[in-house]
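Computed from heavy atoms alone, side chains included, the values below leave out hydrogens, waters and symmetry copies.
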Amino acid sequence: MHLHLAYPAVLAVLLFSVGLYGVLARRNAILVLMSVELMLNAVNLNLVAFDVWLRDSLHAGQALTLFVIAVAAAEIGIGLAIVLAVYRNRGSSAVDELRDTAEAAGTAEAAAEEPDPAQQPPSAQTSKKAEATA
């Protein structure tokens, strides 16, 4: 019995679509990581299906699948470590809150780098004018 290539390809497309929806729609960082893993597994299914269909003597699709599995394991380990560290510091693993925190930190750093000249004492303003003319 020989399985046609369309069946695993359609299953891989469905898995990838569900994973893509999970990445775009979810707000929890853990669920986003799980969705990325689902997308990687869809890619693995395609690699193995095409390897069997092409009857590759080197089994390059299966070798690439092992490489993708290793990358996915490293990604999930580092990703979970980052999510746990953020959860300990912030008390939440919501992706939206992390983005808002990063934007607020970026604007606070920009404001701290350039002080407002109106709030500086007059002696500091005159010393800057003297440096500019020198």
Side-chain angles (χ1 to χ4, degrees):
M1 182 174 147
H2 191 267
L3 191 65
H4 195 269
L5 180 64
Y7 297 124
V10 168
L11 180 61
V13 166
L14 290 174
L15 283 174
F16 193 86
S17 299
V18 170
L20 184 64
Y21 173 76
V23 166
L24 296 176
R26 298 293 176 186
R27 301 293 177 235
N28 189 349
I30 301 289
L31 294 177
V32 170
L33 286 174
M34 289 175 61
S35 298
V36 169
E37 291 294 321
L38 196 60
M39 292 168 62
L40 288 172
N41 285 330
V43 170
N44 286 340
L45 180 61
N46 263 338
L47 285 171
V48 170
F50 277 99
D51 182 56
V52 169
W53 184 63
L54 293 173
R55 292 183 177 86
D56 185 18
S57 62
L58 296 176
H59 299 291
Q62 294 177 20
L64 283 173
T65 299
L66 290 175
F67 179 72
V68 171
I69 289 171
V71 168
E75 175 258 336
I76 200 68
I78 292 171
L80 281 176
I82 291 171
V83 169
L84 285 175
V86 167
Y87 183 77
R88 286 181 184 162
N89 288 335
R90 302 278 181 217
S92 173
S93 64
V95 177
D96 289 340
E97 292 178 13
L98 296 177
R99 182 177 38 218
D100 294 340
T101 304
E103 289 173 358
T107 56
E109 289 174 2
E113 289 177 4
E114 297 180 18
D116 188 17
Q119 295 177 353
Q120 292 180 352
S123 61
Q125 291 177 358
T126 56
S127 65
K128 285 187 180 179
K129 288 180 185 176
E131 290 175 6
T133 57

Side-chain touch S93/V86, heavy atoms, less than 4.5 angstrom:
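No, every pair of side-chain atoms sits at 4.5 Å or beyond.
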
Do I76 and E37 touch side chain to side chain, with heavy atoms closer than 4.5 Å?
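Side chain of I76 against side chain of E37, heavy atoms only: contact under 4.5 Å found.
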
To the nearest 0.5 angstrom, please state how far the [atom1] atom of [X] sits from the [atom2] atom of [Y].
X: N28; Y: Y87; atom1: CG; atom2: OH; result: 10.0 Å
X: I30; Y: S35; atom1: CD1; atom2: OG; result: 11.5 Å
X: N44; Y: L64; atom1: CG; atom2: CG; result: 9.5 Å
X: L47; Y: N41; atom1: CG; atom2: CG; result: 11.0 Å
X: L54; Y: H59; atom1: CG; atom2: NE2; result: 12.0 Å
X: T65; Y: N46; atom1: OG1; atom2: CG; result: 9.5 Å

Taking all atoms of both residues into account, what is the closest heavy-atom pair of [X] and [Y], and its distance?
X: V23; Y: V32; result: CG2-O, 4.1 Å
X: H4; Y: P8; result: O-CD, 3.2 Å
X: L40; Y: E75; result: CD1-OE1, 4.2 Å

Please determine whether residues [X] and [Y] belong to a single hydrophobic cluster, defined as Ile, Leu, Val, Met, Phe, Trp and Tyr linked transitively by side-chain heavy-atom distances below 4.5 Å.
X: L38; Y: F16; result: no
X: V95; Y: L33; result: no
X: V48; Y: W53; result: no
X: L15; Y: F50; result: no
X: V36; Y: L24; result: yes

My understanding is that only residues two or more places apart in sequence, or in another chain, count here; which of them pass side chain to side chain donor-acceptor pair (under 3.5 Å) with R27?
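Partners of R27 under the side chain to side chain donor-acceptor pair (under 3.5 Å) test: D96.
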
According to side chain to side chain donor-acceptor pair (under 3.5 Å), who are the partners of D56, at least two apart in sequence or on a separate chain?
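Applying side chain to side chain donor-acceptor pair (under 3.5 Å) to D56 gives none.
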
With side chain to side chain contact (heavy atoms under 4.5 Å, CB included) as the test, would you mind laying out the steps for V18 and L14 before giving the verdict?
CA-CA 6 Å; V18 170; L14 290 174; 5.6 Å; no

